[in-house]
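One structure is given here, and the rest of the page talks about it.
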2 protein chains.
Amino acid sequence: MTIYDVAEKSGVSIATVSRILNGGKNVSEKTRQKVLAVIEEEGYTPNIFARGLGLDSIQMVGLLCTDVADAYYAKAVSILENELHQKGFDVLLYCTGNRPEDKKKSLQMLLEKRVDAVILIGSAFREETDNSHLEQAAKQVPLFIINGLAEFPGVTCVACDEHGAVMQNVAELYKQGRRRILYLYDALTYSGFQKLDGYRDGLQSCGLPWDEALAVRVEKSLWDAKRAVFELLEEGIAFDAVMASEDLLAAGAQKALQQKEITLPIIGFNNSLIAECATPSLTSVDNMLDTLCPYTVGLLLRLLKGGEAPNKTVVSAKLVERETFQLSEDKKEETT
Amino acid sequence: MTIYDVAEKSGVSIATVSRILNGGKNVSEKTRQKVLAVIEEEGYTPNIFARGLGLDSIQMVGLLCTDVADAYYAKAVSILENELHQKGFDVLLYCTGNRPEDKKKSLQMLLEKRVDAVILIGSAFREETDNSHLEQAAKQVPLFIINGLAEFPGVTCVACDEHGAVMQNVAELYKQGRRRILYLYDALTYSGFQKLDGYRDGLQSCGLPWDEALAVRVEKSLWDAKRAVFELLEEGIAFDAVMASEDLLAAGAQKALQQKEITLPIIGFNNSLIAECATPSLTSVDNMLDTLCPYTVGLLLRLLKGGEAPNKTVVSAKLVERETFQLSEDKKEETT
DNA sequence: CATTGTTTTGTAAGCCCTTACAATTTTAGA
DNA sequence: TCTAAAATTGTAAGGGCTTACAAAACAATG
């Protein structure tokens, strides 16, 4: 069943059918009804490839992330997918893992699929790393980066201020008398660096010294985080608060502390289910995906329609207080 | 840059270029090299739509699930995406939520994209529900269902024996002297029914009575599960073990019990991070996605190559023991 | 060297749409 | 009723690829 069949059965030309199919102007109501009836009756569906050939687009956007099995990316993908489908776009999903060359290859493959836009979720590298593939890609297609940064023409970045969030957490812990704050982190993605820098800058602005031993890199795993913290405790390295670049790591730290029957303030990151489920529940920084993702899709649509969009947007993060740490009262009033 | 340009620059015809592009037989090594060089040099990429028009396929498979933000689906999508990309297929992702009409519509849209196959993750309804859309779809394209069931020609089901797993858990709890086993469950998807039936059948085969009050339906939320269990405790409804259709619910139950300072065996389902992170960590049933998903992709490839595949495969689930429940010793030996 | 069989290459016909432009019909105004 | 303008419809030219089939080049055989 092709457009020719429909045209024939309704006694019009293919051009008319095509116009109707494309929300066509310049078609009389009478013929529209007639053709629509035939289409309905025959169950005709336009061939997406032929249409793509003609229009050079089949309304698809590519989503590139590190790993959808991870709650953070899963949440982003989920929101983006919803928004995009609502706006009539299909979603091509690529999970690349953390190897730069895989990311590059995936981006390339996405472009070969002639998507209308690409959204990277937290997958840009730091400035000093080679981001030339992003620069190249952005020449072919609008490129969006959520929680990452790449300042090339054609690239639109939307991020939450992770650096600032961590700094504030340090400041708040300091205000509550904490002087030796442990920081657990895993991969040094762009976002990973942001947070680590936030930690460092936070210490500095409180006048606290940088102590190598208190910034600990671990695998992204509950057990490795637990092991690391446990070892610190065994070695007698003192600390009086814990922050982590990920709820999972915070949960690991919590397990180690519990085993030693120590209670300290703990602040996680990403405000995931894990933070809720932990006992006691973990205070955590919300990365604002609920805001960032729909906003990004909004920019995307605007850009595809030929409009303009700010090439960099940063919103501040939000601390979600649970049992492992609460803001002091004066701070709260300030926020209200 | 089209195939015509490449042909011209290498002094051959487009047919030859096309042959080379398609892993062509019947091309002399000399011309192959020549053409490949031009392609490389010019950075030519075939137009995917034109190719699709000719071949009626651009090597895409559609993935349909309820919600990627949920760890269970996220894991499945992650594994499937990986396998499929490895085999050269692109992945079109649809998250439908739980409304049947949305699932139908998404399936329809997927078919319009002329995917080569569709994989549903846990999204079939129970037999008595209207599954005619699946029947229709299966006529157009190979359809795979992971952890769901629909016995129509063209539909391939791959599942883990959730019913059996729950039954066994009941039996094991019974063996350890538990007589009033609470079962928490949420949505009655196909898989939800499987587990609920497993609970009922498990009780029966142990000679335990079915007690309406012990099969509690809750929202898929930590807090609702906690609330429900807390209320039971307040009302004085006695139970001596907890099972849940989802780790999240088990974690909620655990919180309620902890608040009342009660310790009972708890068995979750899905073997997610939440089970690991809970304190004490939750024993949980692994749904075997690690096996099911690659296996499904294997069948898919075989089918697309014109081969045959069993239209129903069931593997047994696996209990992952953690702190909230351990199998008795004799049982363990049995398993070894 | 002629003949037949194999490889390699080219020509041209699809595949199914969109859309510029031409042709026709309708409407409005005089 | 006639003419000009507007609305509607049709014709035909792409869009870039695959592939059946025809043609040409090459190899092997007697």
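Chain naming here is simple, since letters A, B, ... match the order of the sequence lines and numbering starts at 1 in each. Just the heavy atoms: all of them, side chains too, but no hydrogens, waters or symmetry mates, feed the values below.
Among the protein residues, B:Asn22 comes within range of the sugar-phosphate backbone only, with heavy atoms under 4.0 Å from sugar or phosphate atoms but none that close to a base. Among the protein residues, B:Asn26 comes within range of the nucleic acid bases, having at least one heavy atom under 4.0 Å from a base atom. Here A:Ile14 lies in heavy-atom contact (under 4.0 Å) with a base.
One finds a side-chain N or O of B:Ser13 lying less than 4.0 angstrom from the OP1 or OP2 phosphate oxygen of C:dG10. The side chain of A:Ser18 contributes no N or O atom lying less than 4.0 Å from OP1 or OP2 of C:dC17. Dashed line: the shortest gap from a side-chain N or O of A:Ser28 to OP1 or OP2 of C:dT26 is not under 4.0 Å. Contact annotation: A:Thr31 side-chain N/O to D:dT9 OP1/OP2 distance is under 4.0 Å. Phosphate contact (OP1/OP2 of D:dT9, side-chain N/O of A:Thr16, threshold under 4.0 Å): absent.
The side chain of A:Ala15 lies closest to C:dT19 when the candidates are C:dT19, C:dC17, D:dT18. Picking from D:dT19, C:dC17, D:dC17 the nucleotide with the shortest atom distance to the side chain of A:Ala50 gives C:dC17.
Note that CZ of A:Phe89 is 5.5 Å distant from CG of A:Asp116, once rounded to the nearest 0.5 Å. Annotation: the span from B:Thr66 atom OG1 to B:Arg99 atom CZ amounts to 13.0 Å, rounded to 0.5 Å.
Between the CZ atom of A:Phe49 and the P atom of D:dG14 there is a distance of 25 Å, rounded to whole Å. Look at NZ on B:Lys25: it is 15 Å from C1' on C:dT6, rounded to the nearest Å. Rounded to an integer number of Å, the gap from B:Ile20 CD1 to D:dG16 P is 20 Å. Atom CG in A:Leu55 sits about 18 Å away from atom P in D:dG14, given to the nearest Å. Counting to the nearest Å, the P atom of C:dC17 and the CG atom of A:Leu21 are 8 Å from each other. For the pair B:Leu53 CG and C:dC16 P, the interatomic distance rounds to 7 Å; values are reported in whole Å. The distance from atom CG of A:Asp56 to atom C1' of D:dC17 is 14 Å, rounded to the nearest whole Å. With rounding to whole Å, A:Arg32 atom CZ is found 10 Å from D:dT9 atom P.
Using a 4.5 Å cut-off on side-chain heavy atoms (C-beta onward), B:Cys65 and B:Asp70 make no contact. In this structure, the side chains of B:Leu120 and B:Ile146 stay at 4.5 Å or more apart for every pair of heavy atoms.
For B:Arg19 against C:dG10, a side-chain-to-base donor-acceptor contact under 3.5 Å is present.
Between B:Glu29 and B:Tyr4, it is B:Glu29 whose nearest contact on DNA chain C lies nearer the 5' terminus.
Between A:Glu101 and A:Lys104, no side-chain nitrogen of the basic residue sits less than 4.0 Å from a carboxylate oxygen of the acidic one, so the salt-bridge criterion is not met.
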